[in-house]
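Proteins come first, then strands; the chains are lettered A, B, ... in the order of their sequence lines, and each starts at number 1. Atoms considered below: every heavy atom in the structure, side chains included; atoms not considered: hydrogens, waters and symmetry mates.
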Amino acid sequence: MSKNTPKAIRGTQDIFGPDAEAFAFVVETFERVRKLYRFRRAEMPVFEKTEVFARSLGETTDVVSKEMYSFEDRGGDSLTLRPEFTAGIARAYLTNGWQQHAPLKLATHGPLFRYERPQKGRYRQFHQIDAEIIGAGEPQADVELLAMADQLLKELGIEDVTLHLNTLGDGESREAWRAALVEYFRAVKDELSEDSQERLEKNPLRILDSKDRKDKPFLADAPKIDDFLSDEARAFFEAVTSGLDAAGVKWKRAEALVRGLDYYRHTAFEFIPDEGSVSADALGSQSTVLGGGRYDGLIENLGGSATPAVGWAAGIERLAMLVGDRADDLLEVAIVAEHAARESEAAELVARCRRRGFQTELFATGSPRKRFDKARKAEPAVLVSFDVREGKDTTKFAWFESTSGRVEEAKAFLSEFQSASEI
RNA sequence: GCGACCGUAGCUCAGUUGGUUAGAGCGCCGGUUUGUGGUACCGGAGGUCGGGGAUUCGAGCUCCCUCGGUCGCCCCA
């Protein structure tokens, strides 16, 4: 590589080969499953006014100022590359009058951008699949959404992850719990880790999932959300869990699973690899595979009327790491022009095969002597060779092991051509 | 923002206590066998050893800076 070849931007990736096939497999599976649950496809712009995300994040200063890709356009507006789907979907819901479709089940996928140091399973441009139900305040919506996530993961072949589930209660429950946590941790502030002392002021709920040894002894006895739940909130959570049981979705209570932003209410969840599993190993410290929750307060933050909503998102790269290598499709037909004089005939048959829907490759470049070898190396199901031997056109067919019905069809089609060409 | 490790051909890597023109395998290109052949053999292209500076008679190898990568911490909408 020349030293003046421009380099890719830090944290971006060029995906190719088995990785790209795994990526495509994730997206294709998501598209199929989303239709089973009747979620409708939506496309949003990859950038919005910075305000859209800033208001959605409740002006969480660190995140807004340091972790978003923001820039000024020529008109002087501050724009931001979307760091998540939810805010843009909520904005679209409001500005397009999608209220008329409520309750609305939406699915989308595409690139997102966050200004972070890259590490395993974490990039500056990354990709997610996303599902949201807007305008449905019933626990059945949470259940349906989670059942879809569960089925998706299973259809991807990812079995060693478990749904971790918690409730944050309604607005009042949540505030009471938060206050109790602050009081509890403030009493032992000096014994907490440095990070957690800071969290106490900025984001006390986060102390609960601290990785620091110094904090661990205090976590078990910390106030529990269950002691602060209103009757309604408790009933809501019970409806969700019994709905999951009925739908056959396995779950595990995770009392320390929290969301930092105020607009989250009730259900919060993450699918996390089981300890010691292959998936846990594959993901390093970025362990959540799919996460989401109920965000009944968000749409109001964006200036809409109070609208309940629940959703999840999952990183395509992370899922792709868990589905394993996906090989390229089998080459169905390889056609070789072993002699320059037969090249146009070979090209014609290639065109016919492709029009009939067969995956076909032409080998007609480089050393004539080696074209056949290259074709064999591509491991086709059928190989057709166009050659000239002793001044005579010779067309040969080689049939290899077949592993799919498509290959049988290709063979049948080419057999016709074979007999025709021999007349 | 902080920390650890890494950076030699397109890819995977070797390169002895610093010592002549920097190597291998795979891949790529070409040649040989008048051959039912994914083979074998021969040859070729391709590297200012991430970049800059320092030490030295001499640096891929030592030191400093810088850039990039990987993994972790913080953060995680």
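- Between the side chain of Lys396(A) and the base of rG37(B) there is at least one donor-acceptor pair of N/O atoms closer than 3.5 Å.
- Judged by distance alone, with hydrogens and angles left aside, Lys370(A) brings a side-chain donor or acceptor within reach of the base of rG31(B), the pair sitting under 3.5 Å.
- Listed pair Arg117(A) / rC2(B) fails the phosphate criterion, with no side-chain N or O lying under 4.0 Å from OP1 or OP2.
- Contact between the side-chain N/O atoms of Arg199(A) and the OP1/OP2 oxygens of rC74(B) is found at a separation under 4.0 Å.
- Under 3.5 Å, the side chain of Arg122(A) and the base of rC75(B) form at least one donor-acceptor pair of N or O atoms.
- Look at Ser285(A) and you'll find a side-chain N or O under 4.0 angstrom from OP1 or OP2 of rG72(B).
- Residue order along RNA chain B, read from the 5' end via each residue's closest nucleotide, puts Glu338(A) first among Glu338(A) and Gly121(A).
- Look at Ser385(A) and you won't find any side-chain N or O under 4.0 angstrom from OP1 or OP2 of rG37(B).
- For rG72(B), one of the phosphate oxygens OP1 or OP2 lies less than 4.0 angstrom from a side-chain nitrogen or oxygen of Gln119(A).
- At the phosphate of rC29(B), OP1 or OP2 sits under 4.0 Å from a side-chain N or O atom of Lys374(A).
- Here Asp77(A) does not pair with Lys49(A) in a salt bridge; the nearest charged N to carboxylate O distance is not below 4.0 Å.
- Arg10(A) comes within 4.0 angstrom of the backbone, heavy atoms only, and of no base.
- Taken to the nearest 0.5 Å, the CZ atom of Phe47(A) stands 12.5 Å off from the OG atom of Ser70(A).
- Dashed line: the shortest gap from a side-chain N or O of Lys120(A) to OP1 or OP2 of rU70(B) is not under 4.0 Å.
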